[in-house]
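Take a look at the structure set out below.
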Amino acid sequence: MSAPSAKPVKNEASTSNFIRQIIEAGLASKKHAKIRTRFPPEPNGYLHFGHAKSICLNFGLPQTYGGACNLRFDDTNPEKEEQEYVDSIIEAVQWLGFHWGSNLHFASDYFDFMYKCAEYLIKSGHAYVDSQSAGEMRATRGSLTAGGGDSPYRNRTTEESLRLFREMRDGEHADGAHVLRAKIDMASPNINMRDPAIYRIKRATHHRTADKWCIYPMYTYAHPIEDAVERITHSICTLEFEDQRPFYDWLLERLAEGGLVERPLPQQIEFARLNLTYVVLSKRKLIQLVEEGHVDGWDDPRMPTLAGARRRGYTPEGFRRFAERVGVAKSNSVIDFSVLEDCMREHLNEIAPRRMAVLDPVRLVIENYPEGKEELMDVPNHPQKPEWGKRPVPFSRELWIEREDFQETPQKGYFRLFPGNDVRLRYGYVIKCTGYDNATDTVRCTYYEDSKSGTPGADKCKVKGNIHWVSTKHAYAAEVHLYDRLFKLEHPEGIEHLNPESKKVIATQLEPNLRDSKETQFQFERHGYFIRDHGEFNRTVTLRDSWAKS
Ligand code: ATP
Ligand code: MG
C-alpha cells in the first residue's frame, strides 16, 4: 500500500461538522430531546492520540447540545483484555478533563441480555447454528464480487438450533465446533450481510465474568446491543465500520420488533480516524514497542499514548484544541504531526512561566566583577504577562552560558560572544569578550558596570546578541531528557523505522528556583517547553518546528 500524503491542516477552527448537522436535525424534529453518545474502548491497550480525538468528540457533543456521554468498556474479547488497561483508560479520560458521572458501563454486564437476544433471533427464524468448519465457512462466504452459498445447516429447524446453542453455552461442544449465525442473505453484495457469525465457542477466562461463559458474542453483534441498551442516540465510530452499518440496523430492527430494545434506535455515524505523520496509532504496534523494549513502557514520553503525552508535557487543553482544529471528516487523511505540536506550543505559551536553563554549559568568568559579590536580577516570569511579576535570579562573577553562544573564531554573521565583541547577558549586564582559556575551558569577559538592565545606562549600550546564563555557584544541576520523534519516517510502518536518536539525556545547569518551584511546566528561554518529571526535566516541544521541510 502506498503511503497517504500528509495534509497540513493549520489554524482553521472547524466549528461545524457533519455530525453536528445530524444532531441538530434530530433535535429539531424532536426525535430526541437530549443526546447520548459513548466512548467505547476495548481494554486491550493504552489509549493513544487517535482515541483522544474520539473522546473529545464524544464527550464534547453532549456538552454543546445537552445530554451525556457514557464511558463503556467494550470487553467482549476475553483473551486480550486486562484490568490494567481498564485502569489506564479511566485515568486517561479523566486526565483529558471529561466526566461520565454514573455512566460507566461494561459490555460484559450485558452478556445475559445478549444471550437472550440470540435465543430470540433463533426462535424468530433470524439465526441458526452452523456446524461447518471454519474452512468450509470461508469457502461458502463468496468474495467481494461474487455472492456466497448457503450452508447445509442453514435450514436446520429452530428447535435443533436452539438445542445446539444451549449446548454450546453449557460447554458441551469444543471450541470452534459450531457458531451461531444471523440468517440474512448469502447472496448480499455486502459481505457483512452474508449470515455473519454472532456467537462463537471460546474457552477463555474473562477479566470480569471469569469462567461463567464459554461462548462469547462477536463484536459486530454486541456493539449495537450495547448502544441500544444504553439508549445511545448517536453511535459515532470510525470509517472502517461503514460496511457494518446495514447489519447494525438490521439487528436492532429485529430486536425492536421482538420488543427487546426500544425506539428510537441508535444511529451509527462514521467519521475518519486520526492518522498522524511520524507515529503509529495501532494498538498492536504500540504493544510491540512496549513488549520488545523499544521504549520504556506505555508511558514513555515518546509514546503516542495519553499516558506518555502526560509525562511529555502535552496538555489536555492542547489535545482539545487539536481535536477542534482537525475537525471531523468523512474521508481519511494524515495530519502533520506539527499541527499537534503547534496546539501544545500555543497552550504552553499561555501557561508556562519562563526560566533560564543552560543545556550545554561552558564557564564564563567576568574578570572585573568583584569576587564574592552577588546581585539579584529582576527577571519577568512571562514577557507578555506583566501581572505574573518578576523573580530574583542570583548573579555572580562566574556563570554558565551555552557553548554555542561563544565562538573563538566567529563564522560570518555570528553576533554572539567572540573575542572583542559585546553582548548582553539577558536581564543583566553588557559584557565584552576578552578571550578563551583552553586549559580550564573558560570564556573570559569584562562587564560594563553601568549597563545593567532596567537602569538608565542600559540603553546606551547597543548590542546585537542577548544570551542567557546561570550563576555557577547557585545553579541547579539537573538531568534533562530531549525527546525527538519516535519514528524517522513520515509514514512509518513499524519498528524498522524507529528513530535511533529519539532520546538524549544531558547534564544541564538550571536557574536555582527550579529546584523547588511549585509549577511543573516551563519555557526554558530559547530552548522550548519542559516539564518536571520526577527529578528530571523532559522537553515537551521546541519553540519552533525543527522538522519543518525546507
Ligand atoms: P486500534 O486500531 O488502535 O486497535 P481500536 O479502534 O481497536 O484502535 P478501540 O478501543 O476499539 O480501539 O477504540 C475505542 C474508540 O476509539 C472507538 O470508537 C474507535 O473508533 C476510536 N478510535 C480508535 N482509534 C482512533 C483513531 N485513530 N482516530 C479516531 N478514533 C479512534
Ligand atoms: Mg476497535
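None of the values given here were measured: they were computed from a predicted structure. As the structure lists them, so they are numbered: ligands from 1, and atoms in each ligand from 1. Scope of the values below: all heavy atoms of this structure, side chains included, with no hydrogens, waters or symmetry mates.
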| query | Quick one: does His48 get an N or O within less than 3.5 Å of an N or O on ligand 1? | reply | yes
| Should the pair Phe165 and Tyr115 be assigned to parallel (<30°), tilted (30 to 60°) or perpendicular (>60°) ring geometry? | parallel
| field | ring pair (Phe, Tyr, Trp, His ring centres under 6.0 Å) assessment of Phe524 paired with Phe530 | value | CA-CA 7 Å; Phe524 289 173; Phe530 292 74; 4.3 Å; yes
| request: Pull out every atom of ligand 1 sitting under 4.0 Å from any heavy atom of Pro40, numbered as shown with elements. | output: 14 (C), 18 (O)
| Can we say Lys488 and Glu501 salt-bridge, meaning some charged N sits less than 4.0 Å from an Asp/Glu carboxylate O? | no
| N or O pair under 3.5 Å between Arg38 and ligand 1 | no
| field | Distance filter under 4.0 Å to Pro41 heavy atoms, resulting ligand 1 atoms | value | 10 (O), 14 (C)
| message | With respect to Leu274, determine whether any N or O atom, backbone or side chain, lies less than 3.5 Å from an N or O atom of ligand 1. | response | yes
| Option of least heavy-atom distance to atom 2 (O) of ligand 1 (set: Lys80, Lys53, Arg284, Arg273) | Arg273
| request: Using a strict cut-off of less than 4.0 Å between a Lys/Arg side-chain nitrogen and an Asp/Glu carboxylate oxygen, indicate whether Asp533 and Arg312 qualify as a salt bridge. | output: no
| Going by distance only, is there an N or O of Ser282 that falls short of 3.5 Å from an N or O of ligand 1? | no
| Are the charged groups of Lys202 and Asp175 less than 4.0 angstrom apart, N to O? | no
| task | Pick one of side chain, backbone, both or neither for how Phe49 approaches ligand 1, counting any non-hydrogen atom pair under 4.0 Å. | result | neither
| query | Taking N or O atoms only and a 3.5 Å limit, does Lys283 qualify as a polar contact for ligand 1? | reply | yes
| message | Considering both backbone and side-chain atoms of Thr238, is one of its nitrogen or oxygen atoms within less than 3.5 Å of a nitrogen or oxygen in ligand 1? | response | yes
| field | Where ligand 1 meets Ser54 - atom numbers and elements under 4.0 angstrom, heavy-atom basis | value | 16 (O), 21 (C), 30 (N)
| message | For Arg320, is there an ion pair with Glu324 - N to carboxylate O distance below 4.0 angstrom? | response | no
| query | Any idea which atoms of ligand 1 are less than 4.0 Å away from a heavy-atom of Leu281? | reply | 3 (O)
| query | Hey, do the aromatic rings of Phe59 and Phe98 have their centres closer than 6.0 Å? | reply | yes
| said: If you take the centroid of each ring, where Trp contributes its six-membered ring, are Tyr219 and Phe241 closer together than 6.0 Å? | reply: yes
| request: Consider only side-chain N and O atoms of Asp227 and Ser235, and report whether a donor and an acceptor are under 3.5 Å apart. | output: yes
| note | Check: of Ser235, Gly50, Pro43, min heavy-atom distance to atom 25 (C) of ligand 1 comes from Gly50
